[in-house]
Amino acid sequence: MEKKLRVGVLGATGMVGQRFITLLENHPWYEVVAVAASPRSAGKTYEEAVGGRWKMDSPMPEAVKGLTVMNVNEVEKVSDRVDMVFSAVDMSKDEIRAIEEAYAKAEVPVVSNNSAHRWTPDVPMVVPEINPEHFQVIEFQKKRLGTQRGFIAVKPNCSIQSYAPVLTAWKDFEPYEVVATTYQAISGAGKTFQDWPEMVGNIIPYIGGEEEKSEQEPLRLWGRIEDGVIVKAAEPVITCQCIRVPVLNGHTAAVFVKFRRYPEKEELIEKLVNFSGLPQKLALPSAPKQFIQYLEEDNRPQITQDVDFENGMGISVGRLRKDTIYDYKFVGLSHNTLRGAAGGAVLCAELLTAQGYIRAK
């Protein structure tokens with residue numbers, strides 16, 4: 001790319017916004033030129049607005065420290081400066097829906113980490129290796145919005161990343177019933193142990209709204225476009241429990257599967273390690289070379305050893321074995337703020353850019 005696209009980050013001071021900032025540092029295609037947040041942060045430098053709340057392991061990039069934080073509600077002012085925005089705003093769902101649509105109507109493509117538009121019928125919710133064809137619904141969305149280049153695209157919930165890609169790799173064997181329990185890191189709630197000391201040595205067997213997302217969002221990924229909207233798939237039927245555990249980064253899933261076409265274990269592993277998609281074919285900057293790795297050791301995957309596989313953009317799978325009630329069971333692991341949040345959104349933006357949906361004004 002001859003000239004980098006000008007990018008804004010909405011909700012730039014929060015944990016996911018900070019992750020966007022770190023991922024976009026020295027990105028070959030994108031340059032952060034605008035950071036926006038709530039009115040209380042507006043007018044401060046980014047460094048002042050974040051203050052002591054920087055939650056990333058790496059230091060704050062020098063290039064953004066001196067940027068003046070803009071008011072996220074001043075849509076036209078922000079839109080004038082950028083070619084696209086990433087959205088990580090912390091508002092109510094109705095407010096998020098409204099503000100993301102306002103940016104789209106201001107002719108700015110919005111790639112969102114938020115859940116507010118995941119079930120808007122003409123908004124694509126995409127894992128680029130799984131359902132890139134859903135981006136085609138953008139043309140119908142533009143007609144509804146009355147835009148030429150503005151639209152909204154979203155990525156799915158972080159909790160499904162450790163098993164939805166696995167089930168996709170096995171689609172030839174027709175999985176039809178799934179039981180999953182996810183063990184979710186505290187960064188998924190935007191927290192560190194400093195913020196949430198009561199999570200040390202603790203688990204909480206409830207995460208609001210998470211089970212519904214974990215059961216339904218994979219079906220939307222596997223759905224189809226019909227009459228300008230995305231219609232979710234009917235199978236596999238998924239039931240899920242979601243548990244918050246004392247881990248900083250990394251969502252683990254224990255999963256049981258029934259298949260209509262019974263596979264051998266070797267066939268399942270072969271499908272996993274050879275599964276790839278458009279991001280790998282196009283060698284997109286954030287794409288993992290190996291999307292899914294299979295680990296033979298009985299005690300893997302582990303957060304401490306595997307969460308950063310492929311810079312946190314790969315999926316790790318282990319403990320695949322036959323079950324006494326279901327056909328097979330396995331354990332999956334994904335990095336919830338990289339593949340599951342900001343990194344997944346950046347990869348979506350890269351594919352949208354490669355396909356011409358996002359371009360310079």
Side-chain angles (χ1 to χ4, degrees), residues 5-25 27-32 34-37 56 72 82-91 96-97 99-101 103-104 108-120 123-132 134-135 138 141 150-161 164-165 187-188 190 213 217 220-221 249 251 277-279 282 284-288 291 310-315 334-355 357-358:
L5 296 176
R6 301 168 303 155
V7 169
V9 178
L10 312 180
T13 58
M15 180 178 267
V16 176
Q18 292 175 24
R19 181 66 79 181
F20 275 123
I21 294 293
T22 58
L23 289 174
L24 294 168
E25 183 183 19
H27 193 284
W29 295 3
Y30 307 131
E31 180 182 2
V32 177
V35 288
M56 301 295 105
V72 73
V82 299
D83 298 311
M84 67 156 292
V85 295
F86 290 103
S87 176
V89 291
D90 183 13
M91 300 174 171
I96 293 170
R97 273 191 284 268
I99 201 159
E100 290 182 349
E101 196 161 295
Y103 276 92
V108 174
V110 178
V111 179
S112 179
N113 181 70
N114 296 304
S115 64
H117 275 292
R118 287 183 193 154
W119 289 94
T120 303
V123 169
M125 181 180 74
V126 170
V127 173
E129 288 89 349
I130 293 177
N131 61 325
H134 283 193
F135 284 143
I138 286 170
Q141 184 194 145
F151 64 85
I152 302 161
V154 300
K155 49 145 291 295
N157 198 48
C158 53
S159 65
I160 74 172
Q161 309 285 337
S187 58
K213 294 173 187 175
E217 289 188 14
R220 195 167 196 259
L221 291 181
N249 292 311
H251 287 356
L278 264 182
L282 298 174
L284 297 177
S286 298
F291 182 31
E310 289 281 9
N311 298 312
M313 291 296 287
I315 311 299
S334 60
H335 196 302
N336 57 293
T337 68
L338 288 168
R339 168 57 74 166
V346 171
L347 187 59
C348 281
E350 290 170 358
L351 184 53
L352 287 161
T353 301
Q355 293 182 328
Y357 290 100
I358 297 173

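Only heavy atoms go into these numbers, but all of them, side chains included; no hydrogens, no water, no symmetry mates.
Scanning both residues, I130 and P132, for their nearest heavy atoms gives C-CD, 3.5 Å. Shortest non-hydrogen contact noted between I160 and K213 is CG2-O, 4.1 Å.
No donor-acceptor pair under 3.5 Å is formed between the side chain of E31 and the backbone N or O of L5. Without hydrogens or angle criteria, Y30 side chain to E350 main chain gives a donor-acceptor distance under 3.5 Å. When atom types are taken as modelled, the side chain of H117 and the backbone of R97 share a donor-acceptor pair closer than 3.5 angstrom. Of the possible donor and acceptor atoms, none in the side chain of N336 sits under 3.5 Å from a partner among the backbone N and O of N249. Side chain of R118 to main chain of K155: a donor-acceptor pair is present (N/O by atom type, distance under 3.5 Å, no hydrogens or angles). Using modelled atom types, one side-chain atom of N131 and one backbone atom of M125 make a donor-acceptor pair closer than 3.5 Å.
One distance of note links CG of D90 with CG of L10; it measures 13.0 Å at 0.5 Å rounding. E217 contributes atom CD, which lies 9.0 Å from atom CZ of R220 (distance to the nearest 0.5 angstrom). To the nearest 0.5 angstrom, L282 atom CG is 11.5 Å from T353 atom OG1. Here the CH2 atom belonging to W29 is positioned 5.0 Å from the CG atom belonging to L284, to the nearest 0.5 angstrom.
Looking at residues two or more places apart in sequence or on another chain, you find a side-chain hydrogen bond (donor to acceptor under 3.5 Å, both in side chains) between E100 and S87, S112, N114.
Using the six-membered ring where Trp is involved, F20 and F86 have ring planes that are parallel, under 30° apart on the 30 and 60° scheme.
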### Task
Check step by step if side chain to side chain contact (heavy atoms under 4.5 Å, CB included) holds for T120 and V154.
CA-CA 10 Å; T120 303; V154 300; over 6 Å; no

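With no hydrogens or angles considered, a side-chain donor-acceptor pair links R19 and T337 at under 3.5 Å.
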